[in-house]
Amino acid sequence: MHIPFLDLARLHQPIRSQLDEACRRVMDSGRFVMGAELEAFESEFAAFSEVRHCVGVGNGLEALHLLLRAYDIGLGDEVIVPSNTFIATWLAVDQCGATPVPVEPDRATHNIDPSLIEQAITPRTRAIMPVHLYGQPADMDSINEVALRHGLIVIEDAAQAQGARYKGRRVGSLGNAAGTSFYPGKNLGALGDGGAVLSNDDAIVNKVRRLRNYGSAFKYQHELAGFNSRLDELQAAFLREKLKCLDEWNDRRRKIAATYSTLLQGADLALPLVPSYAEAVWHLFVVRSRVRDKLKAYLEQVGVSTVIHYPIAPHRQACYATRDFGQLPVAEQLANEVLSLPMSPDLYSDEMSHVVSSVWGFNGGR
Ligand SMILES: *Cc1c(COP(=O)(O)O)cnc(C)c1O
(Lines give C-alpha, C1' and ligand atoms only; values in the text may rest on other atoms or scores of the structure.)
Protein backbone atom coordinates (compact mmCIF):
# COMPACT_ATOMS: atom_id res chain seq x y z
CA MET A 1 0.00 0.00 0.00
CA HIS A 2 1.30 3.43 -0.91
CA ILE A 3 -0.21 6.49 0.74
CA PRO A 4 0.51 9.79 -0.99
CA PHE A 5 1.03 12.84 1.21
CA LEU A 6 -1.60 14.72 -0.78
CA ASP A 7 -3.19 13.73 -4.11
CA LEU A 8 -4.88 16.77 -5.66
CA ALA A 9 -5.95 14.98 -8.85
CA ARG A 10 -7.90 12.54 -6.66
CA LEU A 11 -9.43 15.36 -4.58
CA HIS A 12 -10.68 17.08 -7.75
CA GLN A 13 -12.19 13.94 -9.32
CA PRO A 14 -15.64 14.21 -7.65
CA ILE A 15 -16.03 17.86 -8.76
CA ARG A 16 -14.40 17.41 -12.14
CA SER A 17 -17.50 18.39 -14.15
CA GLN A 18 -17.97 21.60 -12.10
CA LEU A 19 -14.31 22.54 -12.71
CA ASP A 20 -14.65 21.78 -16.44
CA GLU A 21 -17.78 23.95 -16.51
CA ALA A 22 -15.94 26.80 -14.70
CA CYS A 23 -13.20 26.62 -17.32
CA ARG A 24 -15.75 26.71 -20.15
CA ARG A 25 -17.50 29.71 -18.55
CA VAL A 26 -14.27 31.73 -18.59
CA MET A 27 -13.35 30.64 -22.12
CA ASP A 28 -16.76 31.67 -23.41
CA SER A 29 -16.67 35.02 -21.62
CA GLY A 30 -13.51 36.05 -23.48
CA ARG A 31 -12.42 37.91 -20.34
CA PHE A 32 -9.37 36.57 -18.51
CA VAL A 33 -8.21 39.23 -16.04
CA MET A 34 -10.27 41.44 -13.65
CA GLY A 35 -13.70 40.27 -14.74
CA ALA A 36 -16.97 38.92 -13.37
CA GLU A 37 -15.51 35.69 -11.90
CA LEU A 38 -13.04 37.63 -9.77
CA GLU A 39 -15.73 40.02 -8.59
CA ALA A 40 -18.03 37.13 -7.65
CA PHE A 41 -15.29 35.18 -5.91
CA GLU A 42 -14.21 38.23 -3.94
CA SER A 43 -17.69 38.78 -2.56
CA GLU A 44 -18.23 35.04 -1.89
CA PHE A 45 -14.92 34.61 -0.09
CA ALA A 46 -15.44 37.83 1.93
CA ALA A 47 -18.82 36.47 3.09
CA PHE A 48 -17.26 33.10 3.92
CA SER A 49 -14.50 34.83 5.91
CA GLU A 50 -16.99 37.13 7.69
CA VAL A 51 -15.30 40.36 6.52
CA ARG A 52 -16.55 43.18 4.31
CA HIS A 53 -13.85 43.04 1.64
CA CYS A 54 -11.73 40.55 -0.25
CA VAL A 55 -9.17 41.53 -2.90
CA GLY A 56 -7.81 38.76 -5.12
CA VAL A 57 -4.08 38.97 -5.85
CA GLY A 58 -1.38 36.89 -7.54
CA ASN A 59 -0.32 34.74 -4.55
CA GLY A 60 -0.04 34.66 -0.77
CA LEU A 61 3.35 36.35 -0.60
CA GLU A 62 1.96 39.26 -2.62
CA ALA A 63 -1.13 39.49 -0.39
CA LEU A 64 1.10 40.09 2.64
CA HIS A 65 3.55 42.32 0.76
CA LEU A 66 0.85 44.58 -0.72
CA LEU A 67 -0.85 44.86 2.68
CA LEU A 68 2.36 46.03 4.34
CA ARG A 69 2.78 48.59 1.53
CA ALA A 70 -0.82 49.73 1.96
CA TYR A 71 -0.05 50.48 5.60
CA ASP A 72 3.04 52.47 4.47
CA ILE A 73 5.37 50.07 6.23
CA GLY A 74 8.85 50.25 4.72
CA LEU A 75 12.48 51.15 5.20
CA GLY A 76 13.44 51.57 8.87
CA ASP A 77 10.29 49.85 10.15
CA GLU A 78 10.14 46.57 12.04
CA VAL A 79 7.47 43.88 11.81
CA ILE A 80 7.14 41.10 14.39
CA VAL A 81 6.87 37.64 12.81
CA PRO A 82 6.94 34.07 14.18
CA SER A 83 10.40 32.45 14.22
CA ASN A 84 8.90 29.24 12.81
CA THR A 85 6.82 29.79 9.72
CA PHE A 86 7.04 29.30 5.98
CA ILE A 87 9.61 31.83 4.81
CA ALA A 88 7.06 33.87 2.81
CA THR A 89 5.94 35.60 6.02
CA TRP A 90 9.47 37.00 6.45
CA LEU A 91 10.03 37.69 2.73
CA ALA A 92 6.90 39.86 2.58
CA VAL A 93 8.43 42.11 5.23
CA ASP A 94 11.79 42.19 3.40
CA GLN A 95 10.09 43.05 0.11
CA CYS A 96 8.72 46.32 1.40
CA GLY A 97 12.11 47.26 2.87
CA ALA A 98 11.19 46.66 6.51
CA THR A 99 12.91 44.26 8.92
CA PRO A 100 11.35 41.02 10.20
CA VAL A 101 11.77 40.64 13.98
CA PRO A 102 11.23 37.00 14.95
CA VAL A 103 9.46 35.91 18.13
CA GLU A 104 9.63 32.29 19.31
CA PRO A 105 6.57 30.01 19.33
CA ASP A 106 4.78 28.21 22.13
CA ARG A 107 6.16 24.65 21.92
CA ALA A 108 2.72 23.10 22.41
CA THR A 109 0.80 24.97 19.68
CA HIS A 110 3.73 25.89 17.39
CA ASN A 111 2.15 29.36 17.10
CA ILE A 112 3.76 32.65 18.16
CA ASP A 113 3.94 32.99 21.97
CA PRO A 114 2.07 36.22 22.80
CA SER A 115 3.89 36.58 26.14
CA LEU A 116 7.20 37.07 24.26
CA ILE A 117 5.97 39.79 21.88
CA GLU A 118 6.23 42.78 24.20
CA GLN A 119 9.99 42.39 24.77
CA ALA A 120 10.56 42.41 20.97
CA ILE A 121 8.83 45.77 20.48
CA THR A 122 11.03 48.81 19.78
CA PRO A 123 10.20 52.40 18.74
CA ARG A 124 10.49 51.17 15.13
CA THR A 125 7.91 48.40 15.44
CA ARG A 126 4.86 49.01 13.24
CA ALA A 127 3.04 45.71 12.98
CA ILE A 128 2.64 42.15 14.24
CA MET A 129 2.14 39.39 11.65
CA PRO A 130 0.88 36.24 13.41
CA VAL A 131 0.61 33.05 11.35
CA HIS A 132 -2.17 30.50 11.92
CA LEU A 133 0.32 27.71 11.43
CA TYR A 134 -0.79 24.26 10.24
CA GLY A 135 -4.42 25.48 10.22
CA GLN A 136 -4.62 26.36 13.91
CA PRO A 137 -5.53 29.95 14.88
CA ALA A 138 -2.93 31.87 16.88
CA ASP A 139 -3.99 33.35 20.25
CA MET A 140 -5.43 36.50 18.68
CA ASP A 141 -6.97 38.16 21.76
CA SER A 142 -3.59 38.24 23.52
CA ILE A 143 -1.85 39.43 20.33
CA ASN A 144 -4.44 42.17 19.69
CA GLU A 145 -4.18 43.31 23.30
CA VAL A 146 -0.38 43.87 23.01
CA ALA A 147 -0.89 45.56 19.62
CA LEU A 148 -3.51 47.92 21.02
CA ARG A 149 -1.31 48.89 23.96
CA HIS A 150 1.56 49.79 21.58
CA GLY A 151 -0.42 51.21 18.66
CA LEU A 152 0.58 48.40 16.28
CA ILE A 153 -1.20 47.01 13.24
CA VAL A 154 -2.07 43.29 13.20
CA ILE A 155 -1.88 41.48 9.86
CA GLU A 156 -2.88 37.82 9.97
CA ASP A 157 -1.06 35.35 7.73
CA ALA A 158 -4.04 33.06 7.13
CA ALA A 159 -2.47 31.08 4.26
CA GLN A 160 -2.78 27.75 6.09
CA ALA A 161 -6.08 28.30 7.84
CA GLN A 162 -8.98 29.14 5.48
CA GLY A 163 -12.18 28.42 7.40
CA ALA A 164 -10.61 28.05 10.86
CA ARG A 165 -12.29 29.82 13.78
CA TYR A 166 -10.98 31.54 16.90
CA LYS A 167 -13.60 31.86 19.67
CA GLY A 168 -16.23 31.33 16.99
CA ARG A 169 -14.91 33.93 14.55
CA ARG A 170 -13.26 33.13 11.22
CA VAL A 171 -9.55 33.72 10.75
CA GLY A 172 -8.99 36.61 8.39
CA SER A 173 -11.44 38.73 10.43
CA LEU A 174 -9.41 38.86 13.64
CA GLY A 175 -6.84 41.64 13.06
CA ASN A 176 -6.68 44.84 10.98
CA ALA A 177 -6.30 42.82 7.79
CA ALA A 178 -5.21 39.39 6.57
CA GLY A 179 -3.37 37.83 3.67
CA THR A 180 -4.09 34.33 2.41
CA SER A 181 -2.83 31.98 -0.29
CA PHE A 182 -4.58 29.74 -2.79
CA TYR A 183 -1.46 27.75 -3.67
CA PRO A 184 -2.82 24.36 -4.85
CA GLY A 185 -1.89 22.49 -1.67
CA LYS A 186 -3.64 24.91 0.69
CA ASN A 187 -7.05 24.04 2.22
CA LEU A 188 -8.64 26.23 -0.46
CA GLY A 189 -6.28 25.85 -3.41
CA ALA A 190 -6.49 27.13 -6.97
CA LEU A 191 -5.28 25.13 -9.99
CA GLY A 192 -2.26 27.41 -10.05
CA ASP A 193 -1.13 30.39 -7.98
CA GLY A 194 -3.47 32.79 -6.23
CA GLY A 195 -3.95 34.80 -3.07
CA ALA A 196 -6.20 37.34 -1.39
CA VAL A 197 -6.33 40.20 1.08
CA LEU A 198 -9.19 40.33 3.59
CA SER A 199 -10.18 43.37 5.66
CA ASN A 200 -12.98 45.56 7.01
CA ASP A 201 -10.82 48.68 6.46
CA ASP A 202 -12.18 50.49 3.37
CA ALA A 203 -9.14 52.73 2.89
CA ILE A 204 -6.61 49.89 3.09
CA VAL A 205 -8.67 47.71 0.77
CA ASN A 206 -8.92 50.49 -1.81
CA LYS A 207 -5.18 50.96 -1.67
CA VAL A 208 -4.51 47.24 -2.17
CA ARG A 209 -6.94 47.26 -5.13
CA ARG A 210 -4.80 49.93 -6.76
CA LEU A 211 -1.43 48.41 -5.74
CA ARG A 212 -2.31 45.05 -7.38
CA ASN A 213 -3.15 46.78 -10.67
CA TYR A 214 -0.25 49.12 -11.51
CA GLY A 215 -1.32 51.61 -8.82
CA SER A 216 -4.39 52.44 -10.89
CA ALA A 217 -8.07 52.77 -10.01
CA PHE A 218 -8.99 54.16 -13.45
CA LYS A 219 -7.43 52.91 -16.65
CA TYR A 220 -4.16 54.71 -17.49
CA GLN A 221 -4.29 56.87 -14.35
CA HIS A 222 -1.58 55.82 -11.89
CA GLU A 223 -1.67 57.45 -8.45
CA LEU A 224 0.70 54.88 -6.93
CA ALA A 225 3.81 53.15 -8.26
CA GLY A 226 2.04 49.81 -8.14
CA PHE A 227 2.56 46.18 -9.07
CA ASN A 228 0.96 43.59 -11.30
CA SER A 229 -0.47 40.99 -8.93
CA ARG A 230 -3.97 39.88 -9.87
CA LEU A 231 -6.04 36.75 -9.37
CA ASP A 232 -6.99 35.72 -12.90
CA GLU A 233 -10.49 34.78 -14.05
CA LEU A 234 -9.74 31.08 -14.54
CA GLN A 235 -8.40 30.70 -10.98
CA ALA A 236 -11.26 32.76 -9.55
CA ALA A 237 -13.77 30.50 -11.36
CA PHE A 238 -12.09 27.31 -10.05
CA LEU A 239 -11.92 28.79 -6.54
CA ARG A 240 -15.67 29.58 -6.59
CA GLU A 241 -16.38 25.88 -7.20
CA LYS A 242 -13.91 24.69 -4.57
CA LEU A 243 -15.14 27.22 -1.98
CA LYS A 244 -18.51 25.41 -2.02
CA CYS A 245 -16.69 22.30 -0.72
CA LEU A 246 -14.42 23.97 1.82
CA ASP A 247 -16.45 23.63 5.02
CA GLU A 248 -17.15 19.96 4.27
CA TRP A 249 -13.49 19.31 3.39
CA ASN A 250 -12.38 21.00 6.61
CA ASP A 251 -14.86 18.86 8.58
CA ARG A 252 -13.33 15.75 7.09
CA ARG A 253 -9.84 17.00 7.98
CA ARG A 254 -11.05 17.45 11.58
CA LYS A 255 -12.36 13.87 11.66
CA ILE A 256 -9.06 12.52 10.32
CA ALA A 257 -7.11 14.57 12.88
CA ALA A 258 -9.36 13.29 15.69
CA THR A 259 -8.81 9.70 14.54
CA TYR A 260 -5.03 10.16 14.33
CA SER A 261 -4.99 11.80 17.77
CA THR A 262 -7.01 9.01 19.38
CA LEU A 263 -5.24 6.09 17.77
CA LEU A 264 -1.72 7.48 18.22
CA GLN A 265 -2.22 8.23 21.92
CA GLY A 266 0.66 6.62 23.81
CA ALA A 267 2.98 6.29 20.82
CA ASP A 268 6.44 7.78 21.33
CA LEU A 269 5.50 11.11 19.69
CA ALA A 270 4.35 14.59 20.64
CA LEU A 271 0.84 14.94 19.19
CA PRO A 272 -0.57 18.32 18.13
CA LEU A 273 -2.39 20.24 20.84
CA VAL A 274 -5.38 22.44 20.05
CA PRO A 275 -6.36 25.00 22.71
CA SER A 276 -10.08 25.28 23.52
CA TYR A 277 -10.33 28.71 21.83
CA ALA A 278 -9.38 27.26 18.46
CA GLU A 279 -11.35 25.38 15.81
CA ALA A 280 -8.48 24.19 13.64
CA VAL A 281 -8.77 23.19 9.98
CA TRP A 282 -5.76 20.87 9.96
CA HIS A 283 -3.90 22.11 6.90
CA LEU A 284 -1.25 19.76 8.24
CA PHE A 285 -1.17 17.10 10.97
CA VAL A 286 2.26 17.64 12.51
CA VAL A 287 3.78 15.33 15.11
CA ARG A 288 7.16 15.70 16.80
CA SER A 289 9.78 13.05 17.39
CA ARG A 290 13.33 13.18 18.70
CA VAL A 291 14.18 10.51 16.12
CA ARG A 292 12.26 12.23 13.35
CA ASP A 293 14.59 11.35 10.47
CA LYS A 294 14.55 7.63 11.37
CA LEU A 295 10.77 7.69 11.71
CA LYS A 296 10.42 9.42 8.32
CA ALA A 297 12.71 6.86 6.63
CA TYR A 298 10.81 3.95 8.23
CA LEU A 299 7.42 5.31 7.13
CA GLU A 300 8.68 5.84 3.57
CA GLN A 301 9.82 2.20 3.52
CA VAL A 302 6.36 0.95 4.46
CA GLY A 303 4.63 3.20 1.90
CA VAL A 304 3.67 6.24 3.96
CA SER A 305 4.77 9.56 2.44
CA THR A 306 5.50 12.30 4.94
CA VAL A 307 6.84 15.86 4.60
CA ILE A 308 8.77 18.15 6.95
CA HIS A 309 7.22 21.59 7.49
CA TYR A 310 9.81 23.07 7.69
CA PRO A 311 13.28 21.51 7.80
CA ILE A 312 15.22 24.81 8.11
CA ALA A 313 14.01 27.75 10.21
CA PRO A 314 13.90 31.05 8.26
CA HIS A 315 16.80 32.65 10.18
CA ARG A 316 19.02 29.67 9.23
CA GLN A 317 18.32 29.98 5.49
CA ALA A 318 21.22 30.81 3.19
CA CYS A 319 19.45 33.96 2.00
CA TYR A 320 19.77 35.37 5.54
CA ALA A 321 23.40 34.28 6.09
CA THR A 322 24.61 37.86 6.48
CA ARG A 323 21.87 38.92 8.90
CA ASP A 324 21.73 38.42 12.65
CA PHE A 325 18.31 37.56 14.05
CA GLY A 326 19.64 36.42 17.46
CA GLN A 327 19.27 33.02 19.09
CA LEU A 328 16.08 31.15 18.19
CA PRO A 329 16.46 27.70 19.80
CA VAL A 330 12.76 26.79 19.82
CA ALA A 331 12.42 27.33 16.06
CA GLU A 332 15.54 25.22 15.53
CA GLN A 333 14.33 22.43 17.79
CA LEU A 334 10.97 22.29 16.00
CA ALA A 335 12.71 22.20 12.61
CA ASN A 336 14.60 19.11 13.80
CA GLU A 337 11.58 17.30 15.25
CA VAL A 338 8.47 18.04 13.17
CA LEU A 339 6.92 15.58 10.72
CA SER A 340 3.66 15.95 8.80
CA LEU A 341 1.57 12.79 8.35
CA PRO A 342 -0.62 12.35 5.25
CA MET A 343 -3.61 14.72 5.52
CA SER A 344 -6.24 15.31 2.88
CA PRO A 345 -10.05 15.52 3.03
CA ASP A 346 -10.29 12.36 0.93
CA LEU A 347 -7.89 10.11 2.83
CA TYR A 348 -9.55 6.66 2.89
CA SER A 349 -10.06 4.97 6.24
CA ASP A 350 -7.83 2.01 5.29
CA GLU A 351 -5.11 4.52 4.40
CA MET A 352 -5.50 6.19 7.79
CA SER A 353 -5.28 2.79 9.49
CA HIS A 354 -2.11 2.00 7.59
CA VAL A 355 -0.53 5.30 8.68
CA VAL A 356 -1.45 4.62 12.31
CA SER A 357 -0.25 1.00 12.34
CA SER A 358 2.96 2.05 10.59
CA VAL A 359 3.74 4.63 13.27
CA TRP A 360 3.13 1.98 15.94
CA GLY A 361 5.26 -0.44 13.92
CA PHE A 362 8.17 1.96 14.16
CA ASN A 363 7.64 2.21 17.91
CA GLY A 364 7.71 -1.56 18.29
CA GLY A 365 10.78 -1.89 16.15
CA ARG A 366 12.90 0.31 18.37
C1 LIG B 1 1.84 29.26 1.46
C2 LIG B 1 2.15 30.27 2.48
C3 LIG B 1 2.43 31.61 2.12
C4 LIG B 1 2.66 32.06 0.72
O5 LIG B 1 1.70 31.76 -0.19
P6 LIG B 1 2.07 31.65 -1.76
O7 LIG B 1 0.76 31.70 -2.41
O8 LIG B 1 2.78 30.36 -1.94
O9 LIG B 1 2.92 32.82 -2.10
C10 LIG B 1 2.61 32.52 3.14
N11 LIG B 1 2.56 32.17 4.44
C12 LIG B 1 2.32 30.89 4.81
C13 LIG B 1 2.27 30.57 6.26
C14 LIG B 1 2.13 29.90 3.85
O15 LIG B 1 1.92 28.64 4.23
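When reading the values below, keep in mind they use all heavy atoms of this one structure, side chains included, and skip hydrogens, waters and symmetry mates. Numbering of residues begins at 1 and proceeds along the displayed sequence. Read the numbers this way: they start at 1 and go in the same order the structure lists the ligands and their atoms.
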Protein residue, atom and distance nearest to [atom], heavy-atom basis:
atom	answer
atom 11 (N) of ligand 1	Asp157 OD2, 2.7 Å
atom 15 (O) of ligand 1	Gln160 NE2, 2.8 Å
atom 1 (C) of ligand 1	Lys186 NZ, 1.5 Å
atom 9 (O) of ligand 1	Leu61 N, 2.9 Å

Is the [X] ring parallel, tilted or perpendicular to the [Y] ring (thresholds 30°, 60°)?
X	Y	result
Phe86	Tyr310	tilted
Tyr298	Phe362	tilted
Tyr214	His222	perpendicular

Quick check on contacts: which atoms of ligand 1 are under 4.0 angstrom from a heavy atom of [X]?
X	answer
Ala88	3 (C), 4 (C), 10 (C)
Val131	13 (C)
Asn59	7 (O), 9 (O)

Legend entry - N or O contact, Gly60 vs ligand 1, cut-off under 3.5 Å: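 Checking ligand 1 against Gly60, an N or O pair does fall under 3.5 Å apart.
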Inset, instruction - Ignoring angles and geometry beyond distance, decide whether Ser181 reaches within less than 3.5 Å of ligand 1 through its nitrogen or oxygen atoms. - result: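 Yes, since at least one N or O of Ser181 sits under 3.5 Å from an N or O of ligand 1.
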Legend entry - Distance under 6.0 Å and angle within 45° of ring axis: Arg170 vs Phe48: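 Flagged: Arg170 positioned over aromatic ring of Phe48.
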Legend entry - Phe227 six-ring centre to Arg69 NZ/CZ under 6.0 Å and within 45° of normal: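 Verdict for Phe227: no cation-pi partner in Arg69.
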Legend entry - Donor on one side chain, acceptor on other, His132 and Gln160, under 3.5 Å: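 Per modelled atom types, His132 and Gln160 side chains form no pair under 3.5 Å.
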Inset, instruction - Examine the side chains of His150 and Arg126 and answer whether a donor and an acceptor come within less than 3.5 Å of each other. - result: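 The answer is no; no qualifying pair exists.
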